[in-house]
Chemist: 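Sending over a structure as structure tokens; questions will come in a sec.
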Amino acid sequence: MNHAAHHGPTTTRERPHPDDPTRPAPVGIVIATRDRRASLAVTVRNLLALPERPEVLVVDNASTDGTRAMLARDFPQVRVLALPFNRGALARTHGVRALDTPYVAFSDDDSWWAPGSLRAAARHFDEHPRLGLLSARTLVGSADAADPLNDLLADSPLGTATDLPGTQVLGFLGCAAVARRTAYLDAGGYHPLLFFGAEETLLAYDLAARGWGVTHCADVVAHHHPDPRPRTGRPAVVRRNELLTAWLRRPLPYALARTRALAADARRDPHARHALRETLTRLPAALRARRPLPPHVERAARLLDGPARVDGAAGADGAAGADGAAGADGAAT
């Protein structure tokens with residue numbers, strides 16, 4: 001039996017709500033943060049101004065900059081879940097478990113949702129019981145420039161499905177996604193081995209493997225204001241996690257080919273050397289947790305890989321994850 005088809009429509013909390021602008025949307029917001037007090041305040045202020053009046057939950061990854069005191073003083077209406085140490089992307093899963101809204105939107109401490117977008121997302125989920133996660137259109141910076149990832153996702157070769165809105169994808173930006181709570185928890189949320197950096201693709205794989213749809217819907221809009229300063233070490237973390245994702249879910253020949261490609265790059269690129277060392281350190285744990293994709297998801301992943309590619313990044317995850325966790329990860333990887 002299709003797991004998603006079984007669980008989605010029988011969850012009583014997910015019955016459609018009237019499209020009433022005075023009724024709070026059935027979408028809660030989870031923000032993962034770490035040591036980004038100033039930008040977090042801007043994010044929270046924008047979220048609290050939304051007409052949908054969503055519940056906002058901040059999951060603090062053990063900040064040391066007074067984040068919790070600022071929230072208590074300036075935003076007493078916001079719930080705070082204080083973690084004793086930095087859990088990386090798993091902070092989002094803690095937040096999903098703490099909320100009881102049927103749908104959960106994710107923001108980072110430098111991103112927020114456009115007015116009306118959460119209600120549009122809720123409508124998509126209400127009307128499509130198999131929809132597990134929705135990827136939004138992302139506008140970047142004060143100029144609202146379109147993120148290049150928008151076109152990549154909109155043009156996904158996976159196309160459409162009759163029981164899903166938008167275009168089917170296997171990647172998204174973590175700070176511009178809305179999930180069905182039951183689907184997210186069914187798939188296990190973000191994987192602890194990846195921490196942060198291109199962690200979204202594995203979750204998309206796991207949702208699809210459980211029968212849930214993952215789509216890009218351009219009528220749902222997120223605003224992203226990333227810190228323009230370079231993020232030291234980020235490229236190595238992204239490459240590490242892309243390779244670990246291959247070992248966790250893709251066929252062994254594919255994972256081996258990607259490992260050889262990274263090893264070749266490591267001979268001339270210090271970032272690649274660091275990524276290779278980090279991957280090899282975590283590889284035993286990845287092999288223990290290895291769970292290959294079912295054939296239909298693997299076929300979709302291969303289609304997104306494109307011809308004559310061994311790295312598989314374009315299409316499946318594209319730029320997803322490159323900036324989606326700014327501030328939430330801190331320096332730890």
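Bear in mind that the values here come from a model prediction, so they are computed numbers and not experimental data.
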Chemist: When you compare the side chain of V27 with that of V104, does any pair of heavy atoms fall below 4.5 Å?
Modeler: no
Chemist: Side chain of N150, backbone of T138: donor and acceptor closer than 3.5 Å?
Modeler: yes
Chemist: Do the side chains of D65 and R34 get close enough for a salt bridge, i.e. N-O under 4.0 angstrom?
Modeler: no
Chemist: Between CG of D110 and SG of C175, what distance do you get to the nearest 0.5 Å?
Modeler: 6.0 Å
Chemist: Looking at side-chain heavy atoms only, is the closest gap between E55 and R79 below 4.5 Å?
Modeler: yes
Chemist: Does the distance from a Lys or Arg side-chain N to an Asp or Glu carboxylate O, for D74 and R45, drop under 4.0 Å?
Modeler: no
Chemist: A side-chain contact here means heavy atoms from C-beta on lying under 4.5 Å apart; do T259 and L243 qualify?
Modeler: yes
Chemist: What heavy-atom pair brings A204 and V214 nearest, and what distance separates the two atoms?
Modeler: O-CG2, 4.1 Å
Chemist: With rounding to the nearest 0.5 angstrom, report the OG1 to CG distance, T167 to L153.
Modeler: 9.0 Å
Chemist: Atom CG of L173 and atom OG of S135: how far apart are they, to the nearest 0.5 Å?
Modeler: 7.5 Å
Chemist: So which atom in Y190 and which in L90 form the shortest heavy-atom distance, rounded to 0.1 Å?
Modeler: O-CD1, 3.6 Å
Chemist: Counting distance only, does the side-chain N/O of S117 pair as donor-acceptor with the main-chain N or O of V220 below 3.5 Å?
Modeler: no
Chemist: Do the side-chain N and O atoms of D147 and H224 include a donor-acceptor pair separated by under 3.5 angstrom?
Modeler: no
Chemist: Do R180 and W212 make a side-chain contact, defined as non-hydrogen atoms from C-beta onward lying under 4.5 Å apart?
Modeler: yes
Chemist: What is the minimum heavy-atom distance between D206 and R291, and which atoms define it?
Modeler: OD1-NH2, 3.7 Å
Chemist: Determine the minimum heavy-atom distance between G95 and V59, stating which atoms define it.
Modeler: CA-CG2, 3.7 Å
Chemist: Could you tell me which non-hydrogen atom of V178 sits nearest to which non-hydrogen atom of F125, and how far apart they are?
Modeler: O-CZ, 3.3 Å
Chemist: Please identify each residue that fulfils side-chain contact (heavy atoms from CB on, under 4.5 Å) with A255, with sequence neighbours left out.
Modeler: A246, W247
Chemist: Any side-chain donor-acceptor pair under 3.5 Å between R36 and S39?
Modeler: yes
Chemist: Does a side chain donor of either H94 or R87 reach within less than 3.5 Å of an acceptor in the other side chain?
Modeler: yes
Chemist: Does some side-chain heavy atom of V140 sit less than 4.5 Å from a side-chain heavy atom of D144?
Modeler: no
Chemist: Using side-chain heavy atoms (C-beta onward) and a distance below 4.5 Å, is L304 in contact with V169?
Modeler: no
Chemist: Given 3.5 Å as the limit, does a donor-acceptor pair link the side chain of E278 with the main chain of R240, or not?
Modeler: no
Chemist: For residues Y184 and L203, determine if any side-chain heavy atom of one lies less than 4.5 Å from a side-chain heavy atom of the other.
Modeler: yes
Chemist: Please find the pair of heavy atoms, one from L193 and one from R282, that lie closest to each other, and give the distance.
Modeler: O-NH1, 2.8 Å
Chemist: For the side chain of D109 and the backbone of T43, is there at least one donor-acceptor N/O pair under 3.5 Å apart?
Modeler: no
Chemist: What is the distance from atom CD1 of I31 to atom CG of L57, rounded to the nearest 0.5 Å?
Modeler: 8.5 Å
Chemist: Could you tell me whether R250 sits above the aromatic face of Y254, with NZ or CZ closer than 6.0 angstrom to the six-membered ring centre and within 45 degrees of the axis?
Modeler: yes
Chemist: Please list, chain by chain and in numerical order, all residues satisfying side-chain hydrogen bond (donor to acceptor under 3.5 Å, both in side chains) with H225, sequence neighbours excluded.
Modeler: none
Chemist: Just how far is it from atom CG of D163 to atom NE2 of H128, taken to the nearest 0.5 Å?
Modeler: 7.5 Å
Chemist: Does any part of the side chain of T101, heavy atoms only, come nearer than 4.5 Å to the side chain of P26, both counted from C-beta?
Modeler: no
Chemist: Any chance the side chains of H124 and D219 put a donor and an acceptor closer than 3.5 Å?
Modeler: yes
Chemist: Assert yes or no for the condition that the ring centre distance of F106 to F172 is strictly below 6.0 Å.
Modeler: no
Chemist: Can we say E242 and R258 salt-bridge, meaning some charged N sits less than 4.0 Å from an Asp/Glu carboxylate O?
Modeler: yes
Chemist: Under 3.5 Å, side chain of R267 to main-chain N/O of R273, donor-acceptor pair present?
Modeler: no
Chemist: Is it true that a side-chain atom of N46 and a backbone atom of V42 form a donor plus acceptor pair closer than 3.5 Å?
Modeler: yes
Chemist: Between the side chain of D35 and the main-chain N/O of S63, is any donor-acceptor distance below 3.5 Å?
Modeler: no
Chemist: Please answer whether the main-chain N or O of S107 pairs with a side-chain N or O of S111 as donor and acceptor at a distance below 3.5 Å.
Modeler: no
Chemist: Kindly compute the distance separating CG (L276) from NE2 (H271), expressed to the nearest 0.5 Å.
Modeler: 14.5 Å
